[in-house]
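Below you'll find the structure, written out as structure tokens, and then a few comments.
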Amino acid sequence: MRNQAEVATPTRTYRGETAQARREQRRAKLLEAALDCFATRGVAHTTMRDICSQARLTDRYFYESFRNTKDASEAVYGWQKDLLVAHVAAAMSNAPLSLLDQAKAGLSALYSFLREDARRAHVLLLDGFSGAALPNAQGTQEALAQYIPLIRATAQRLYPRMNPNFDLEMMGRGLLGMAVQVGTVWARSGYAQPLDEVVAYNLYAWRGLNEWVNELSETPRAA
């Protein structure tokens, strides 16, 4: 005879869905509603009730997923940031293995991701890097740091003889900072300039970097 602990407890369902599945659906609705509210009102001016009204859910379900609006804003930021990183990584993985081709693919993916849904620029750039969505400057630096491993992996593939003293993190933060600033200006203009033109502004810096890294790279010793 089996021990009671070994008997699986049946999962309760409602209309064919488990409680966990319904919780996940409610959370997804709240995230989408929060993204709408943050893009329309700004993080600082969005309340829990704004999000619930947009999602057509009660505050009970809001607190099932989030502690407060700050928690919701961080969840929305993380959701969109992860989508962006995956989008950029996929584009770079399909590009030719040269610095400028990799940079162009990554930047094009970044800016197309922002332009295809204007709400993303509000959360990732306009609020995200102004300090409204993230608690302080340290939070912004941590957000930028999420992209450093991608840059490091690409650089190591491109420059296997790179000088070990070359500070990839400093270089990466500088280039990311430029990409963010250009993207912010572009979003505020209503995406007035063509995407290729916006990418080209960034590539000026990448061309200079290409020459610099080549000069600093180790060269094979003569036999």
What about Y201 and L175, same hydrophobic cluster or not, with Ile/Leu/Val/Met/Phe/Trp/Tyr joined at side-chain heavy-atom distances under 4.5 Å?
no
Y77 and V43, any side-chain heavy atoms less than 4.5 Å apart:
no
Consider only side-chain heavy atoms of I, L, V, M, F, W and Y, link residues closer than 4.5 Å, and tell whether L124 and L83 are in one cluster.
yes
Nearest 0.5 angstrom please: E74 CD to W79 CH2, how far?
16.0 Å
Between Q25 and R22, a side-chain donor and acceptor under 3.5 Å:
no
Between E116 and R120, which heavy-atom pair has the shortest distance, and what is it?
OE2-NH1, 2.6 Å
Side-chain (S112) to main-chain (A109) donor-acceptor, under 3.5 angstrom
yes
Hey, does E32 have a side-chain heavy atom less than 4.5 Å from the side chain of R119?
yes
Might you work through the side-chain contact (heavy atoms from CB on, under 4.5 Å) test for K104 and L100, ending with a clear yes or no?
CA-CA 6 Å; K104 184 175 181 180; L100 293 181; over 6 Å; no
So, taking the atom named CD in Q181 and the one named CH2 in W186, what distance separates them when rounded to the nearest 0.5 Å?
15.5 Å
Determine whether a donor-acceptor pair (N or O, by modelled atom type, separation under 3.5 Å) exists between the side chain of Y111 and the backbone of A179.
yes
Test of understanding: clusters of I, L, V, M, F, W, Y form through side-chain heavy atoms closer than 4.5 Å, transitively. Do L97 and V88 belong to the same one?
yes
Under the side chain to side chain donor-acceptor pair (under 3.5 Å) rule, collect the residues that match up with E64, sequence neighbours excluded.
R26
Are L176 and V185 joined in one hydrophobic group, where the rule is that I, L, V, M, F, W and Y side chains link up if heavy atoms are under 4.5 Å apart?
no
Is there a path of hydrophobic side-chain contacts, each under 4.5 Å between heavy atoms, that joins L195 and L84?
yes
Do side-chain atoms of D117 reach the backbone of F113 as a donor and acceptor pair under 3.5 angstrom?
no
Between the side chain of Q193 and the main-chain N/O of V198, is any donor-acceptor distance below 3.5 Å?
no
Full working for side-chain contact (heavy atoms from CB on, under 4.5 Å) between W206 and L107:
CA-CA 11 Å; W206 286 87; L107 289 164; 3.8 Å; yes
So, S53 versus D50: side-chain donor-acceptor pair below 3.5 Å or not?
no
Interatomic distance, SG@C37 vs NE2@H122, rounded to 0.5 Å, equals 13.0 Å
Looking only at heavy atoms, what is the nearest atom pair of T46 and I51, with distance?
CG2-CG1, 3.8 Å
Donor-acceptor contact below 3.5 Å, side chain Q80 vs main chain V123:
no
Quick one: CZ on R67 to CZ on F62, what's the gap to the nearest 0.5 Å?
10.5 Å
Nearest heavy-atom neighbours spanning T40 and D36
OG1-O, 2.9 Å
Considering all heavy atoms of both residues, which atom of L126 and which atom of T184 are nearest to each other, and what is their separation?
CD2-CG2, 3.7 Å
Closest non-hydrogen atoms of K29 and L57, given as atom of the first, atom of the second and distance, are CB-CD1, 4.3 Å
For residues Y63 and M48, determine if any side-chain heavy atom of one lies less than 4.5 Å from a side-chain heavy atom of the other.
yes
Output yes when a side-chain donor or acceptor of N68 lies under 3.5 Å from a complementary backbone atom of D71, and no otherwise.
yes
When rounded to the nearest 0.5 Å, the distance separating NE2 of H87 from CG of L114 is 9.0 Å
Minimum-distance pair of heavy atoms, taken over all atoms of A75 and F66:
CB-CE2, 3.7 Å
